[in-house]
Number of protein chains: 2
Amino acid sequence: MNTFLRCLIALVLMLAMMLNTTPVHAEDGYDLWLRYRLLAPEQAGLYRGHLSQLVAGSGTPTQAVTRGELQRGLAGLLGHEMPLSDTVTRDGAIIVGTPKSSALIEHLSLNTQDLGNEGYLIRNVVVNGHTATVIAGREDIGAMYGAFHFLRLLQTGQPLDHLDLRESPHVKLRLLNHWDYLNGQVERGYAGTSIWDWWKLPDWRAPRYTDYARANASIGINGTVLNNVNAGATILTPEYLQKVAALADVFRPYGIRVYLSIRFSAPVEIGGLKTADLLDPQVQAWWRAKADEIYKRIPDFGGFLVKANSEGQPGPEDYHRTHAEGANMLADALAPHGGVVMWRAFVYSQANPDDRAKQAYTEFKPLDGRFRANVLVQVKNGPVDFQPREPFHPLFGAMPKTPLMMEFEITKEYLGFATHLVYLGPLYEEVLSADTMAHGKGSTVAKVIDGSLDDHTLTGMAGVANIGTDRNWCGSDFNQANWYVFGRLAWNPSLSSRAIAEEWVRMTFTNNEAFVKPVVDMMMGSREAAVDYMTPLGLLHLMGPGHHYGPAPWDASESRADWRPVYYHRADHQGIGFDRSRAGSDAVDQYAPLLAVQFNDVKQTPEQFLLYFHHVPWDYRMRSGNTLWYELVAHYTRGADDVKRMLETWRHLDGYIDKERYNQVATFLAIQEKEAQWWRDACIAYFQSISGLPLPPGYVPPQHSLQYYQSLSFPYVPGFSSW
Amino acid sequence: MNTFLRCLIALVLMLAMMLNTTPVHAEDGYDLWLRYRLLAPEQAGLYRGHLSQLVAGSGTPTQAVTRGELQRGLAGLLGHEMPLSDTVTRDGAIIVGTPKSSALIEHLSLNTQDLGNEGYLIRNVVVNGHTATVIAGREDIGAMYGAFHFLRLLQTGQPLDHLDLRESPHVKLRLLNHWDYLNGQVERGYAGTSIWDWWKLPDWRAPRYTDYARANASIGINGTVLNNVNAGATILTPEYLQKVAALADVFRPYGIRVYLSIRFSAPVEIGGLKTADLLDPQVQAWWRAKADEIYKRIPDFGGFLVKANSEGQPGPEDYHRTHAEGANMLADALAPHGGVVMWRAFVYSQANPDDRAKQAYTEFKPLDGRFRANVLVQVKNGPVDFQPREPFHPLFGAMPKTPLMMEFEITKEYLGFATHLVYLGPLYEEVLSADTMAHGKGSTVAKVIDGSLDDHTLTGMAGVANIGTDRNWCGSDFNQANWYVFGRLAWNPSLSSRAIAEEWVRMTFTNNEAFVKPVVDMMMGSREAAVDYMTPLGLLHLMGPGHHYGPAPWDASESRADWRPVYYHRADHQGIGFDRSRAGSDAVDQYAPLLAVQFNDVKQTPEQFLLYFHHVPWDYRMRSGNTLWYELVAHYTRGADDVKRMLETWRHLDGYIDKERYNQVATFLAIQEKEAQWWRDACIAYFQSISGLPLPPGYVPPQHSLQYYQSLSFPYVPGFSSW
């Protein structure tokens, strides 16, 4: 007995030593919000009675990945494998499935019919006299989404008793748009190169593809456009479709469909035809045959995304046809297979002397009602181009007969690339909650997007992905939050961006309240900080030419007037801003009448959009009582100061999380601090050279001369297609 | 007591369950050969008496990383932390340091003087009456190399008693050459993009840089050229030198110096001068000032690598100066700081009608003796360009007054990119052991390189890196072996490539003999298989144009004759091969007289070089008694069959290692099998169209027509600078 005891002690010590070994893999962000690290003992204790066995089938690929994710997640969170069982044999079972796949669930007679294809419910039930939690969908995919929701409850420390959740997505197509070229470059990508290793596909299906699908499925994303909207024709060749099909195979169990950006002139480039004119029967036949070929390989192929007659891309207007005619021709080819066309409204022309911000509306509004039922028009959130702040796009609410799809940018092209900490939740929320007044008060953009305003069932939201080969996927840990919040808002555009930020922080870092609260606060303020140090008060498009890095409000090097900062800010000795009132470009009248009146009046225009709608004298009195010039300097300064405070906040949080991620965030915040100061100083130096006004008292002058800022140049800026 | 026992049992069970948890991180190759996984119990048992405590200082950065690596390695291998101690207090201590850093070691009165700056000894000793193992260098770096050697002993299952090892490197400069562009592209890179994140440097020093340094230090690599030999001038701007300095700071503790490829015309491009002529005093002054600037930031900067007047790069010949004059001008700028110039001999000109293989010798041989003492001439292993097989470069042995540096290619530009399993050890060994006969028999290339043949102390070996952002660094697990064997041979060019392969397999995968033996055999045969399915019997340069992917012996699309396969194989109705005999280009006379006679005689020429030196009739009788045509088909077929067997071998090894790496290797071998067949079939189809001969009996005809193979085209081939 004594020997046995000594033996046991030795064993315990040995095991303890093994556990004590330095982990081989440092935290590197790869796991995203699906970290599944051991819960704190007090929290694990809370769950003990609820997590005794897993009753889940694996009869279909989706069931298998659902069960696998629960096993993986629970093992990680609880520190031990969850026993599988065919039926409920004790209290605390977790039952997962659909009435079709599980007799147990069928017997529970839950109302799964109303959940739709993707919805789920999570509820505490009693089975065979034992307490259990049921995660049920009408379809496998719904149960999978429920499983991820259930894991999220654990990851965020939610109680598991009295569960009675019902969720269905509010938007049908929840898509990532990858601006990835086939050579591996990612346009406006700041996280390495494309995660699609086209060269080794279809043979090599990298494990990362599966992790990509897991991450997307966990937040409800159900589609992905694999290639850049500036598309070549090669993606439609048989060789590449084989590669696309391999990816589709990986994604399918996770409910994710693949879509492709197509080049309108592909029938000429790879089809051997002399024209791509949609009225040519050979062209129509080519697209039908191509669609047939695609669906033969990929039966659940999603459809086409099209950038046509925009920034040099070919399109129907090359043949004097309308965007609607172009979209419809493709829609007809896809319709027999259930595919959709997502036609981008991002069009403007240098040849058109009208305000660039007005051109999409001018071109698309008259086409309302002219699109096939399987066409969505994809509209960027604002009328210019993903700026730190823009008013919502006037097309929202203005095309009631057409499903309008939201296009957000997740990658931070205009918001500091990889290194600035800018949480985009508040930007998305601001746009979605904006009231178009299209059918009177309460006609929010969210209701346009989710189809409820004009009774559309075909609805969608797209986010331009910030994903690349960087180990942490997104170039920084905090950029992962932007992928996360996009997915969550695409599922339900009415969610609060703060609540989502909190979820994300808990899942990604820790449930420690002393960490969660300040970090969520920092995230929530970060976008306003960026607006302030880059483009406050309705300014926009002040960044460096082409590469979009850093401040260059003076720049006139771009070939097109409407790509130059001076086109947008129009600063002169009198004042600053773009007059879009009725006295100016009259962009205000693209909004609903009540809004148009408001935006037309400099006094009624929200100050955050002031210089977007009006050219305003430097000495204009703001609501604060200060002059515009004073407020401009104050905003720029506040933005830079906010970043200093963010860095301070972070430095106080050393020790709450792993050293690796703590250090990278700290380093990046220091870069952001430096660059925010640079933005503030360069913009103030430039605008002061035009206003001729002294700095308001108490404000520190720019560190360097305007000439210094103008002299800076940046070779090899990432994300810019100059390879 | 009973309660205590129950308690203990519960604890054991809990701990066992925790250990049983699925590991969060799958094996992904990131750890390279420094995996440090738990040793098998029987092996760990062997070491128990030898590994009780670690006596190692951390007073300098190199000491700190040495101690850290031992702690990390021992903890991983043994499963528990190794206690640190200031002195030896029990049997089995490990003592690490130098006589300067450790009084303990000083007292041992070991002969460390003869070890040089980088050498070390490892020996069992008795200290304070306790057995111990001492790892000592004359300098910190030597002790660090010794520590890695000691860990390798454990990793490969060597006994730790009766240790009496002394090692010093045989070659002074052991360098990687990165063909990385500042935009992230890697020329001839098949493992993602550049690991240098220039954009975020100098602020963000990615942890990967440290792991890169650890891996290199573990195999003795002591320098790295960060940028492509096709260099721009930007790397020499103050902004980029700041970034270079940050990397140098990371590498310094590991004994690794940074070097840069420079552009000869930089004084014009970033210096504002009108000329880059080396005779211009302003140009000389510019380079001196630039060198001073570099050394101010990086006191141990290594020097410059120069590709001049080669494939379009600028150089001294633009001003009618010689390569020696060009090299010397740069050498004079670096000499005050102890830097070197590595001047590449890879020159050939389209304007020169002479055999391309002869041109480097013709140009450089007359310059022997004209270079400054701090110049090395860097020569590729063969006279053409890193082909699967070439004879050694005739410059080796031909420039006795000049230190010749070897340039090997580690990246598999001509050997199947990422996916073919081709272990390059035998290629390197074949070249190093080749006898130049320069001073009679035994004048091997290795002796030229290590300086022993002509008494040079400045010696060097460079390998064109196969490293990129891919998680596994090298694009495949087996490509890691090529990085490894390069480093080990640079340390000692006389090592056996088989012994190195075995070391690597044990460290990278497992010590299980049932795995080690077949895998080492497979590796050792893999290069000959590639020669056979690509370019047997002295053929070379038959690959696709520009991108170098796949077979294209017919190709004539390249702009330069000496870039076209037909220039090299010269197949016609009579026969095949490049006549380099005295009746032909007389390249044979660039070799030492005895070799020249041998290579000049078709009968004496080794058959593996037959078609390199001779144009031979199709019906020529080979030593086997078969015709050349028969042997050619037989070699191609054998190569393809060998790959089938490699895949078979691998499939029998399922279960010996982790699923992740097993699967990737299996997938890549299947790709290689397909591509080896393609090479075999396309080459046979083409050569048959020229020879007009029937296939020998029993040989399967190509799967497709020659026209089919000729019709294939490949967009977006990796590693090719077409971004």
Side-chain angles (χ1 to χ4, degrees), chain A residues 1 4-5 8-9 11-12 14-22 24-26 28 30-31 35-38 71-72 75-76 79-81 181-185 190 192-193 198-200 203-205 207-208 232 234 417-419 469-471 660 664 667-668 670-671 674 715-718 722-723, chain B residues 4-5 8-9 11-12 14-22 24-26 28 30-31 35-38 71-72 75-76 79-81 181-185 190 192-193 198-200 203-208 232 234 417-419 469-471 660 664 667-668 670-671 674 715-718 722-723:
Chain A
M1 187 59 179
F4 177 59
L5 191 59
L8 259 179
I9 292 171
L11 191 57
V12 169
M14 201 193 77
L15 285 166
M17 271 205 297
M18 287 171 86
L19 282 175
N20 195 31
T21 301
T22 320
V24 177
H25 282 276
D28 56 19
Y30 183 82
D31 294 331
R35 277 175 73 250
Y36 304 141
R37 295 296 189 282
L38 206 58
Q71 290 182 286
R72 175 189 186 136
H80 60 82
E81 301 290 344
Y181 291 107
L182 300 189
N183 71 356
Q185 249 195 298
Y190 311 102
T193 49
W198 290 114
W199 184 251
K200 299 202 196 82
D203 302 270
W204 175 239
R205 302 173 180 203
R208 190 161 194 157
T234 306
F417 293 5
T419 48
T469 50
D470 274 8
R471 183 65 182 165
E660 293 83 8
Q664 191 179 52
T667 302
F668 284 11
I671 293 173
K674 203 162 58 178
Y716 311 116
V717 179
S722 61
W723 280 355
Chain B
F4 178 59
L5 190 61
L8 260 181
I9 292 172
L11 190 56
V12 170
M14 200 194 76
L15 286 167
M17 270 204 300
M18 287 172 86
L19 282 174
N20 196 30
T21 301
T22 320
V24 177
H25 282 278
D28 56 18
Y30 182 82
D31 295 331
R35 278 173 74 248
Y36 303 141
R37 295 296 189 280
L38 206 57
Q71 290 182 287
R72 173 187 188 139
H80 60 82
E81 302 290 343
Y181 290 106
L182 301 189
N183 70 356
Q185 250 196 298
Y190 311 102
T193 50
W198 291 113
W199 184 251
K200 299 200 196 85
D203 302 88
W204 174 238
R205 300 173 182 204
R208 190 162 194 158
T234 306
F417 294 6
T419 47
T469 49
D470 273 7
R471 182 65 183 165
E660 293 84 7
Q664 191 179 52
T667 303
F668 284 9
I671 292 173
K674 203 163 58 178
Y716 311 118
V717 179
S722 61
W723 279 355

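Throughout, protein chains are lettered first and strands after them, A, B, ... in sequence-line order, and every chain is numbered starting at 1.
When heavy atoms are compared at a cutoff of 4.5 Å, B:Ala418 approaches chain A solely by way of its side chain, counted from C-beta outward. Heavy atoms closer than 4.5 Å to chain A are found in the side chain of B:Trp199, but not in its backbone. In this structure, chain B has a heavy atom under 4.5 Å from the side chain of A:Ile671, while its backbone stays farther away. Interface residue A:Pro715: backbone and side-chain heavy atoms are both found under 4.5 Å from chain B.
Atom CG of residue A:Asp31 and atom OH of residue A:Tyr36 lie 9.5 Å apart, to the nearest 0.5 angstrom. Distance check, rounded to the nearest 0.5 Å: CG of B:Leu182 to OH of A:Tyr716 gives 4.5 Å.
Looking only at heavy-atom pairs under 4.5 Å with chain A, the residue among B:Gln664, B:Lys200, B:Lys674 that has the most is B:Gln664.
Side chain of B:Arg208 to main chain of B:Ala206: no donor-acceptor pair is present (N/O by atom type, distance under 3.5 Å, no hydrogens or angles).
In the model, B:Thr469 has no side-chain atom that pairs as donor or acceptor with a side-chain atom of A:Thr469 under 3.5 Å.
Side-chain contact between A:Thr419 and B:Trp204: absent, with no pair of heavy atoms (C-beta onward) separated by less than 4.5 Å.
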